[in-house]
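Structure first, then comments.
Chain letters run A, B, ... following the sequence lines, proteins first, then strands; residues in each count from 1. When reading the values below, keep in mind they use all heavy atoms of this one structure, side chains included, and skip hydrogens, waters and symmetry mates.
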There are 2 protein chains.
Amino acid sequence: MLIDFNAMMRPVCFSRDSSGEKHDVPGICLADRIGRLMTLSAEESSALAQLEDRGRLLRRGSALLRLNDRAGEMFLLRRGTAMSYVLLRDGSRQILRFHFPGDILGWSALAFRHSLETVVATSDAEVAPFDRTALIGLMTQNPRLGAAISALAQLERQVMSDRLATLGRTDARGRVAALLIEMRDRMSACGMANGDEFQLGLTQEEMGDAVGLTAVHVNRMLRLLEEEQLIARAGSRVTVLNHGALAQMANYVDRNDGVDLEWLAPAR
Amino acid sequence: MLIDFNAMMRPVCFSRDSSGEKHDVPGICLADRIGRLMTLSAEESSALAQLEDRGRLLRRGSALLRLNDRAGEMFLLRRGTAMSYVLLRDGSRQILRFHFPGDILGWSALAFRHSLETVVATSDAEVAPFDRTALIGLMTQNPRLGAAISALAQLERQVMSDRLATLGRTDARGRVAALLIEMRDRMSACGMANGDEFQLGLTQEEMGDAVGLTAVHVNRMLRLLEEEQLIARAGSRVTVLNHGALAQMANYVDRNDGVDLEWLAPAR
DNA sequence: CGCTCACTTGATCAGATTCAAAACAAGTGG
DNA sequence: CCACTTGTTTTGAATCTGATCAAGTGAGCG
């Protein structure tokens, strides 16, 4: 996709935070996310909760962070989905990562003066903003959490490594397959999938920008996978019919069962 | 490149550690590396030095970490170069990262039971091995260093993000150009380049495995760049003649001047 | 000297892009 | 409720980039 740089200048639109609102999907907090990886003490949970004292609602398409924003602000994604991308000089876009509830947004600017990526919500979403100094403070106060959060960042990095291998060494069909499996697995992990069926909240153009293909070719590959009975599509919902075959052609490896934080000191 | 899985079974060859040996190039320690980013107190420097009490020499081609090794061992690369790669199911290889003196190797296994990558020395090298628990211990004892090390990991991640964008959205010529500039800049940063001239210690096959091309096509792109007077080659040494044009076609952005760790609390 | 490994070059082929146009869906305002 | 707009998906045809296959060159080494 080619980007119109003028469009980047329009103001960021945030929905107003209406704290009394009710939601059908409960938000996920950072303690939930980390708690899935290791046992947390009560103090640790409450320390994590302090990062999330504020909340903010976003509409689909609104930006949380933009290229060259002053670095410092970070977010915990509590509900909904988001993505990070960069714009290249020639105007093309590369989507780097998709974010799901429990993910920390804004990591990438940790060591820089300005943000190097743009992060936008790909659905209506709820985030908890905090400052990076608060995060570092937390990690300082509570080193075991610090290690856990570092490990969390490492998991994110692994997703990127895998995508790198996909882009470098897999053909178009395999890349689309890889994207579908990744999305299913990650949605499944946070309760957003219904078995093998899920709502892939992406346009084909976005899919292409994630895996390095044109939207036209993504379309062809989707219909090919459908024709081969590996997936089924109904509107914007996708069902994975043959996980094994998809994983094979995508060179996909599920990383979740290899995760291990047990070696960190046990909770006191 | 297609990998022969049998060949993976041959034993790892480590050179013997001869601690009395002399080297023309001085090793770089972690304190040097971090010290370039922020001011370190004497205590911090000595804490970092403790990670490196042991040293080990490696010959070109020997493996430091291999896929599925039990996770835990990490290394500081003090002298020489290395690379990390993954092997896909179909036997193809994707090189994920190149390592230079001052880099920490083995980050990727931080959150996993087993290593997900293979790390190999691409030249004779010297490393300091340590255990990940020692690293976490250090970060716990010395939170400011912990933040710095996290930031360092973030810098590495940025290199991968950039490569991802290169693979997804740049043509073959641009990818080769990107690789050359990246190598020059990183070598330059650790004193391994002579101005715009440097020894690219990679075969064309390795270059291809890094940027998702065949060795044959890498060759053609190199000669094209040479013909266009953007680079010059003499044996295995490369000279960048037109940095601007290369950066343009590679969509390259130098990240170094954006690095900022000043926001971390100052040294006590 | 003969081996191996990396590099080089040409010819052919397949996969992905590009360009163009049409079908479709959802939303807007009259 | 319909006409209109906008954005997404679908399909076809032509083109081009990079892969594949094959063969030859050259340097270093036992």
From CG of A:Asn219 over to C1' of C:dA25, roughly how many Å is that when rounded to an integer?
15 Å
To the nearest Å, how far apart are B:Leu225 CG and C:dT8 P?
13 Å
Which residues pass the side-chain hydrogen bond (donor to acceptor under 3.5 Å, both in side chains) test with B:Asp124, not counting sequence neighbours?
none
Scan B:Arg220 against the nucleic acid and name what it touches under 4.0 Å (heavy atoms): base, sugar-phosphate only, or nothing.
base
Using the side-chain hydrogen bond (donor to acceptor under 3.5 Å, both in side chains) criterion, which residues pair with A:Thr239? Sequence neighbours excluded.
none
Applying salt bridge (charged side-chain N to carboxylate O under 4.0 Å, His left out), can you list everything that pairs with B:Arg233, at least two apart in sequence or on another chain?
B:Glu226
Partners passing salt bridge (charged side-chain N to carboxylate O under 4.0 Å, His left out) against A:Arg97 (at least two apart in sequence or in another chain)
A:Glu117, A:Glu156
Just how far, in rounded Å, is C1' of C:dA6 from CG of B:Asp209?
14 Å
So, using side-chain hydrogen bond (donor to acceptor under 3.5 Å, both in side chains) as the criterion, who are the partners of B:Arg184 when residues are at least two apart?
B:Asp196
Check side-chain hydrogen bond (donor to acceptor under 3.5 Å, both in side chains) between B:Gln204 and all other residues, then give those that pass, not counting sequence neighbours.
B:Asn219
The criterion is side chain to side chain contact (heavy atoms under 4.5 Å, CB included); which residues satisfy it with A:Asn251, sequence neighbours excluded?
A:Thr170, B:Leu88, B:Arg89, B:Asp90
Rounding to a whole Å, what distance do you find between B:Leu202:CG and C:dC7:C1'?
15 Å
Collect all protein-nucleotide pairs involving nucleotides 14-16 of chain C in which both atoms are nitrogen or oxygen and the distance is under 3.5 Å.
from, atom 1, to, atom 2, distance (Å)
C:dA16, OP1, A:Ala172, N, 2.7
C:dA16, OP2, A:His217, NE2, 3.4

Does C:dT8 have OP1 or OP2 sitting under 4.0 Å from an N or O in the side chain of B:Gln204?
yes
Quantify the bending of the helix from C:dC1-D:dG30 to C:dG30-D:dC1 as the angle between its end axes, each fitted on five pairs, to 10°.
30°
Nucleotide range of DNA chain D lying under 4.0 Å from chain A heavy atoms:
D:dT8 to D:dA13
Sorted by first residue and then second, give each side-chain hydrogen bond (donor to acceptor under 3.5 Å, both in side chains) pair with at least one member in residues 171-181 of chain B; sequence neighbours left out.
B:Arg173-B:Glu228
Do B:Ser84 and B:His99 have a side chain donor and acceptor closer than 3.5 Å?
yes
What residues, two or more places apart in sequence or in another chain, satisfy side chain to side chain contact (heavy atoms under 4.5 Å, CB included) together with A:Ala245?
A:Leu230, A:Asn242
Using a strict 4.0 Å threshold on nitrogen-to-oxygen distance, state whether B:Arg186 and B:Glu182 make a salt bridge.
yes
